[in-house]
Protein chains: 2
Amino acid sequence: MASGSAIHDATPSVRQQAVLDAVLDLMVEEGDQLTMDAVARRASCSKETLYKWFRDRDGLLTATVRWQASRVRTGQYEAHALDVAALSESLRDFATTWLGVISSRASIALNRIAIGDAASRKSNLGSIVLANGRFAIGDRLKPVLEAGRAAGLLAFDDTETAFRTFFGLVGRDVQIRLLLGDAITFDAAEIRRDAARAVEQFLALYGQPKR
Amino acid sequence: MASGSAIHDATPSVRQQAVLDAVLDLMVEEGDQLTMDAVARRASCSKETLYKWFRDRDGLLTATVRWQASRVRTGQYEAHALDVAALSESLRDFATTWLGVISSRASIALNRIAIGDAASRKSNLGSIVLANGRFAIGDRLKPVLEAGRAAGLLAFDDTETAFRTFFGLVGRDVQIRLLLGDAITFDAAEIRRDAARAVEQFLALYGQPKR
DNA sequence: CTAAAACCGTACCGTACCGTACGGTTCGCC
DNA sequence: GGCGAACCGTACGGTACGGTACGGTTTTAG
């Protein structure tokens with residue numbers, strides 16, 4: 001039971017992280033040519049080791065999803081946004097980060113695989129991606145929204161509903177178009193514009209005119 | 001060159017439609033177990049006939065997407081919405097129909113396959129789904145929005161931007177959650193509520209207070 | 001009624017890929 | 001230096017599936 005055993009839910013070793021990075025690279029470059037042989041070749045390791053560490057193909061994919069999720073987690077968003085400028089700044093940061101994530105090639109590849117996997121009910125990659133994506137950002141954004149409400153800057157009954165509206169205003173049709181292969185141009189400048197527009201619209205819907 | 005030849009883009013014969021319905025049934029029931037053998041068994045036809053009619057697996061999937069799209073197309077939405085009540089009624093109808101489509105099991109299965117297909121750049125199922133889904137409804141909704149603007153009920157500069165906002169307000173996180181296998185409860189009543197809320201929010205953002 | 005075309009069911013081939021086995025090699029440890 | 005564990009590279013078995021071939025049957029046309 002040395003450090004190189006099955007990981008299941010522990011943090012992967014450095015070597016294992018290199019393997020998972022190879023998986024991510026392959027996902028991005030080769031699309032669905034994600035065979036165990038290709039991973040072993042790319043990571044310069046043997047298939048036997050892959051199966052020893054990750055049990056099977058599904059375990060490897062699961063570990064990859066978790067690994068990618070662990071590095072996407074950005075800093076906490078301060079919840080003590082007391083004035084409208086700080087609140088909209090927080091929201092803009094949030095929207096910018098989120099748009100950057102969902103338009104990244106790694107995220108697109110990962111979501112595609114998880115969606116294809118959700119079709120066959122043999123695994124739960126889809127729920128893992130959901131937990132680390134949609135629901136994780138919900139958990140991180142809701143305190144910000146509630147702090148805004150506590151400060152009298154926002155007005156809403158249900159935090160979940162308010163968050164989902166924000167989610168829709170930010171994401172719009174971007175994710176589904178990217179997943180379906182639409183060649184969208186989406187540079188940093190446009191992401192910032194979109195984020196600003198979404199926050200503006202959100203404040204127009206939920207902002208309190210004055211305190 | 002009798003009626004049973006390759007279809008490519010013509011309307012499929014009745015027998016061919018039955019085959020395509022079998023494909024849809026299999027997509028919904030079996031997820032990704034969509035093998036040519038299974039289709040032939042389900043449709044009570046021979047694989048040889050499948051290949052004769054649809055050339056290869058990809059042609060069969062393409063024809064299935066087109067077939068499903070052809071039956072989803074609902075009636076035209078009247079563009080002569082002259083008062084705000086008629087306009088919001090049109091938008092509500094639109095949102096309701098769209099939410100019903102993207103939450104249907106057939107649409108989910110089809111989008112999953114198209115997304116998995118978009119990963120391997122060997123086909124263009126993704127663009128076909130996009131053309132018949134996201135872009136088709138854009139083409140059908142934009143005249144409504146522009147008629148509303150012409151009547152002084154809506155105010156926006158770019159129709160595309162306004163439409164994408166509406167798209168986001170209606171769909172929010174629904175499609176990605178369903179694609180990733182989240183077990184969302186989404187009955188007709190809830191769809192109507194969501195559609196009404198989305199239209200309300202859209203009018204709050206783009207509606208003109210008076211003419 | 002007959003002949004040709006279309007079609008069904010099934011067997012078959014080639015390939016791709018998952019998972020395992022095994023010989024050879026590196027590396028830590030005593 | 002020597003021993004064992006971990007690991008690399010590769011070869012192999014098993015299986016699933018896309019696509020083809022073929023005999024037998026139904027349908028269509030004249």
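Labels below follow one simple rule: chain letters A, B, ... track the order of the sequence lines, proteins then strands, and each chain is numbered from 1.
Between the CG atom of A:D117 and the P atom of C:dC18 there is a distance of 13 Å, rounded to whole Å. Across the protein-nucleic acid pair, A:Y51 atom OH and D:dC8 atom P stand 15 Å apart, rounded to whole Å. The CZ-C1' distance, from B:R42 to C:dG9, rounds to 18 Å in whole Å. Across the protein-nucleic acid pair, B:R41 atom CZ and D:dC17 atom P stand 10 Å apart, rounded to whole Å. The separation between A:E30 atom CD and C:dA16 atom P is 15 Å, rounded to whole Å. Computed from coordinates, the B:L50 CG to D:dT20 P distance equals 12 Å when rounded to whole Å. Look at NZ on B:K47: it is 15 Å from P on C:dG14, rounded to the nearest Å.
Considering only side-chain N and O atoms, B:W53 lies under 4.0 angstrom from the phosphate OP1 or OP2 of C:dC7. Within the structure, a side-chain polar atom (N or O) of B:R15 is placed less than 4.0 Å from OP1 or OP2 of C:dC8. A close approach under 4.0 Å does not occur between any side-chain nitrogen or oxygen of A:R55 and OP1 or OP2 of C:dT20.
The pair A:E89-A:R92 counts as a salt bridge, with a side-chain nitrogen and a carboxylate oxygen less than 4.0 angstrom apart. Between A:R105 and A:E29 there is no salt bridge, since no side-chain nitrogen of the basic residue lies less than 4.0 Å from a carboxylate oxygen of the acidic one. The pair A:R134-B:D182 fails the salt-bridge criterion, with no side-chain N (NZ, NE, NH1 or NH2) lying under 4.0 Å from an Asp/Glu carboxylate O.
Considering only the side chain of A:T49, D:dC8 comes nearest among C:dA6, D:dC8, D:dG18. Nearest to the side-chain atoms of B:T35 among the listed nucleotides D:dT20, D:dG9, D:dC17 stands D:dC17. Proximity note for B:K52 (side chain, C-beta onward) versus D:dA6, C:dC18, C:dC7: the nearest is C:dC7. Side-chain atoms of A:S44 lie closest to D:dG9 of the nucleotides C:dC18, D:dG9, D:dG19. Comparing C:dC17, C:dT20, C:dG9 by their closest approach to the side chain of A:Q33 singles out C:dC17. When distances are taken from the side chain of A:S46 to each of D:dG9, D:dG18, C:dG19, the shortest belongs to D:dG9. Comparing C:dG19, D:dC8, D:dT20 against the side chain of A:D56 picks out C:dG19 as the nearest.
For B:E48 and D:dC22, a side-chain-to-base donor-acceptor distance below 3.5 Å is present, hydrogens and geometry of angles not being considered.
By the 6.0 Å contact criterion, CG on B:D187 is enclosed, its count of non-hydrogen atoms from other residues, nucleotides or ligands being greater than 12.
With A:S107 contributing its side chain and A:S103 its backbone, the two residues share no donor-acceptor pair below 3.5 Å.
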